[in-house]
Novice: 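Below you will find the structure I want to go over with you.
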Amino acid sequence: MTPDEILQGLYDECLIGNAPRVLDLTQQGLDLGMGPETLLFDALIPSLEEVGARFERGDFFVPEMLIAGRAMSGALDLLRPLLAETGAQTVGTFLMGTVKGDVHDIGKNLVNIMLEGAGFHVIDLGVQVPPEKFIEAINEHHPDIVGMSAFLTTTMPMFKANINALEKAGMRDQVIVMVGGAPVTQEYADAVGADAYAPDASATVKKAKALIAERRASVLA
Ligand code: B1M
């Protein structure tokens, strides 16, 4: 198969949630020397965007979304070590979780992979993380940054609930809070009192590095 056929095949097979074929095509692409970012950003992510568009139009339902998500997750498992392969030194600890009430984790997992690749020590709390679990994990791991992911307009308010819980526990100043997820905006992040918002995985890495450098410089000053 040619690289273009692989990309088209990945797009089509992810769209219909054919996990074994997606895995097979991902491997074939890698064997051909295609970059993991190309497979991800030129085929798999656009395919999931189309899944979302069809769901919005009422052409797809939850089961279709679920199997497409699973197909994407299988490919991510294969791509993860390649995306994270930089050998960079640890630049900071990043605690990450999808907020309570929300099970979307593909975007979060992608952010984690990129953070690991950039040299962060990432602690992933998984999905449906309640405020008390964030607090417990901060006490245990002392992260530099706490990242919160939300993919539903109905779960975005959990950012504020989590930040309130941090304040109540007297921890708000100990950590940098970053938020993200498909429906989240800079305005929303500002409104809930987060320190930063990032629209995608690479922006998260850039912002996280800059925020840690800023905080370390202010401690030294
Ligand atoms: Co759902 N879902 N879903 N879903 N789902 C969306 C999000 C939706 C937009 C679809 C649509 O209507 N077009 C819609 C939300 C509408 C809204 O609230 N405005 C929706 C809905 C409605 C629902 C249900 C309510 C459906 C139902 O039951 N009736 C339900 C809710 C379940 C729940 O959470 N309680 C539901 C369920 C599911 C599945 C379980 C079936 C499955 C999730 C599987 C999984 O994640 N393991 C699923 C899927 C697959 C989707 C879509 C199709 C794809 C999401 C995805 O993974 N995209 C999605 C449609 C869409 O988003 N277009 C949809 C790929 C990923 C790479 O996305 O946004 O580019 P992306 O990720 C970026 C950024 O968001 C950012 O970086 C990522 C990587 O670059 N980022 C961060 C993410 N987290 C960050 C954290 C940070 C920083 C950046 O912290 C610092």
Side-chain angles (χ1 to χ4, degrees), residues 11 14-17 19 22 37 39-77 79-80 83 92-118 120 122-129 134 143-159 162-163 175-186 188-189 192 194-212:
Y11 181 92
C14 185
L15 197 60
I16 57 167
V22 167
E37 292 92 350
L39 302 172
L40 200 55
F41 294 109
D42 294 350
L44 292 164
I45 290 180
S47 181
L48 271 195
E49 280 166 4
E50 177 58 20
V51 171
R54 290 187 185 194
F55 179 77
E56 266 172 35
R57 293 200 300 269
D59 294 337
F60 270 16
F61 299 94
V62 174
E64 281 95 346
M65 228 167 31
L66 189 61
I67 56 170
R70 279 199 190 139
M72 165 80 159
S73 295
L76 266 189
D77 286 344
L79 298 176
R80 173 175 284 114
L83 290 164
T93 299
F94 202 113
L95 184 75
M96 177 73 112
T98 296
V99 299
K100 185 176 171 182
D102 203 318
V103 303
H104 294 87
D105 66 356
I106 298 171
K108 164 184 73 62
N109 294 344
L110 194 51
V111 173
N112 288 347
I113 291 171
M114 297 297 189
L115 284 167
E116 277 167 10
F120 280 87
V122 177
I123 298 153
D124 184 5
L125 300 180
V127 298
Q128 306 235 51
V129 182
F134 275 110
D144 299 284
I145 304 185
V146 177
M148 301 167 189
S149 179
F151 269 70
L152 298 170
T153 41
T154 49
T155 56
M156 281 161 58
M158 283 311 298
F159 292 151
N162 290 333
I163 290 171
V175 289
I176 296 164
V177 174
M178 286 188 76
V179 296
V184 185
T185 59
Q186 181 65 58
Y188 192 82
V192 296
D195 297 307
Y197 156 76
D200 56 40
S202 54
T204 308
V205 169
K206 261 195 215 150
K207 278 217 172 137
K209 280 185 165 174
L211 286 164
I212 287 186

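Numbering of ligands and ligand atoms starts at 1, following listing order. Note that these values count all heavy atoms, side chains included, but never hydrogens, waters or copies made by symmetry.
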Novice: In the protein, which heavy atom is nearest to atom 32 (C) of ligand 1, and how far is it?
Specialist: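 Looking at atom 32 (C) of ligand 1, the protein heavy atom closest to it is V103 CG2, 3.8 Å.
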Novice: Applying side-chain contact (heavy atoms from CB on, under 4.5 Å) between F94 and each of I176, V205, L115, report the one that passes.
Specialist: L115
Novice: Checking the N or O distance criterion of under 3.5 Å, is ligand 1 in contact with V51?
Specialist: no
Novice: Minimum heavy-atom separation for T155 to K100, with atom names?
Specialist: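 That closest heavy-atom pairing would be CG2-O, 3.8 Å.
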Novice: How far is atom 62 (O) of ligand 1 from the closest protein heavy atom, and which atom is that?
Specialist: A182 CB, 4.1 Å
Novice: Please identify which atoms of ligand 1 are closer than 4.0 Å to at least one heavy atom of L110.
Specialist: 67 (C), 79 (C)
Novice: Tell me whether ligand 1 is touched by M148 - counting only heavy atoms on the residue side and a distance under 4.0 Å.
Specialist: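 In this structure, M148 qualifies as a contact of ligand 1 - some heavy atom is under 4.0 Å.
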Novice: So is T154 polar-close to ligand 1, meaning N/O to N/O under 3.5 Å?
Specialist: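 There is no such contact.
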Novice: Could you list the atoms of ligand 1 found under 4.0 angstrom from a heavy atom of G181?
Specialist: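 That gives atoms 75 (O), 81 (N), 82 (C), 83 (C), 84 (N), 85 (C) of ligand 1.
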Novice: Identify the closest protein heavy atom to atom 54 (C) of ligand 1: which residue and atom is it, and at what distance?
Specialist: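 Ranking protein heavy atoms by distance from atom 54 (C) of ligand 1, first comes L48 CD1, 4.3 Å.
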Novice: Under a 4.0 angstrom heavy-atom cut-off, which atoms of ligand 1 come close to L66?
Specialist: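 By the 4.0 Å cutoff, the relevant atoms are 40 (C), 41 (C).
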Novice: Under a heavy-atom criterion of less than 4.0 Å, does P183 contact ligand 1?
Specialist: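 Heavy atoms of P183 never come under 4.0 Å of ligand 1.
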Novice: Would S73 count as being in polar contact with ligand 1, using the rule that some N or O on each side must be under 3.5 angstrom apart?
Specialist: no
Novice: Which heavy atom in K108 sits nearest to a heavy atom in V127, and how many Å separate them?
Specialist: CE-CG1, 4.4 Å
Novice: Please give me the minimum heavy-atom distance between L125 and G97, naming the atom from each residue.
Specialist: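 Shortest heavy-atom contact: CB-CA, 4.4 Å.
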Novice: Below 4.0 angstrom, counting only protein heavy atoms, does anything approach atom 76 (C) of ligand 1?
Specialist: yes
Novice: May I ask you to say whether E49 pairs ionically with R54, meaning some side-chain N is under 4.0 Å from a carboxylate O?
Specialist: no
Novice: Is there at least one protein heavy-atom neighbour under 4.0 Å from atom 8 (C) of ligand 1?
Specialist: no
Novice: Would you say atom 17 (C) of ligand 1 makes contact with the protein, given that contact here means a non-hydrogen protein atom less than 4.0 Å away?
Specialist: yes
Novice: Check V22 against C14 and note the closest heavy-atom contact, atom names and distance.
Specialist: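 Distance-wise, the nearest heavy atoms are CG2-N, 3.5 Å.
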Novice: What protein heavy atom is closest to atom 4 (N) of ligand 1, reported as residue, atom name and distance in Å?
Specialist: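 It is H104 NE2, 2.8 Å.
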Novice: Looking at ligand 1, does any of its N/O atoms fall within less than 3.5 Å of an N/O of T153?
Specialist: yes
Novice: Mark whether atom 70 (O) of ligand 1 lies under 4.0 angstrom from at least one protein heavy atom.
Specialist: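 It does not; no protein heavy atom is within 4.0 Å.
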Novice: What atoms of ligand 1 come within less than 4.0 Å of a heavy atom belonging to A198?
Specialist: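 In order of numbering, the contacting atoms are 88 (C), 89 (C).
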Novice: If the plane angle is over 60° it's perpendicular, under 30° parallel, otherwise tilted; pick one for H104 and F151.
Specialist: parallel
Novice: Starting from atom 85 (C) of ligand 1, find the nearest protein heavy-atom neighbour and note its residue, name and distance.
Specialist: G180 C, 3.5 Å
Novice: Of the non-hydrogen atoms in V179 and V184, which two are nearest, and what is the gap between them?
Specialist: CG2-CG1, 4.1 Å
Novice: For ligand 1, find out whether one of its N or O atoms is nearer than 3.5 Å to an N or O atom of G147.
Specialist: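 No, G147 has no N/O under 3.5 Å of an N/O on ligand 1.
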Novice: Give the residue, atom name and distance (to 0.1 Å) of the protein heavy atom nearest atom 46 (O) of ligand 1.
Specialist: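 Its nearest protein heavy-atom neighbour is D105 N, 2.8 Å.
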Novice: Under a 4.0 Å heavy-atom limit, does P199 contact ligand 1 with its side chain, its backbone, both, or neither?
Specialist: backbone
Novice: Please check whether G101 reaches ligand 1 - meaning an N/O of the residue sits under 3.5 Å from an N/O of the ligand, judged on distance alone.
Specialist: yes
Novice: Is it the side chain, the backbone, both or neither of F55 that has a heavy atom closer than 4.0 Å to ligand 1?
Specialist: side chain
Novice: Would you please determine whether A68 falls within less than 4.0 Å of ligand 1 on a heavy-atom basis?
Specialist: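 Flag not set, A68 not near ligand 1.
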Novice: Output yes when the distance from some N or O of ligand 1 to some N or O of T204 is under 3.5 Å, and no in every other case.
Specialist: no
Novice: List ligand 1 atoms under 4.0 Å from G52, heavy atoms only on the residue side.
Specialist: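 Answer, ordered by atom number: 11 (C), 13 (N), 53 (C), 60 (C).
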Novice: Tell me the protein heavy atom at minimum distance from atom 31 (C) of ligand 1, and give that distance in Å.
Specialist: L152 CD1, 3.7 Å
Novice: Any N or O on D200 sitting closer than 3.5 Å to an N or O of ligand 1?
Specialist: no
Novice: Could you see which bit of V111 sits under 4.0 Å from ligand 1, with heavy atoms only: side chain, backbone, both or neither?
Specialist: side chain
Novice: For F60 versus L15, what's the shortest heavy-atom pair and its separation?
Specialist: CE2-O, 3.5 Å
Novice: Using side-chain contact (heavy atoms from CB on, under 4.5 Å) as the criterion, point out the one residue from D42, L83, L79 that pairs with E37.
Specialist: L83
Novice: Looking only at protein heavy atoms, which one is nearest to atom 29 (N) of ligand 1, and how far off is it?
Specialist: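 Nearest protein contact, heavy atoms only, for atom 29 (N) of ligand 1 is V62 CG2, 3.8 Å.
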Novice: Which of the numbered atoms in ligand 1 are under 4.0 angstrom from any heavy atom belonging to E56?
Specialist: 11 (C), 12 (O), 13 (N)
Novice: Is there any N or O on A201 that sits under 3.5 Å from an N or O of ligand 1?
Specialist: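 For ligand 1, there is an N or O atom that lies under 3.5 Å from one belonging to A201.
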Novice: Mind checking whether S149 and V99 have side chains closer than 4.5 Å, heavy atoms only?
Specialist: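 Counting from C-beta outward, S149 and V99 never come under 4.5 Å.
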Novice: Does atom NZ of K207 have more than 12 heavy-atom neighbours from other groups under 6.0 Å away?
Specialist: yes
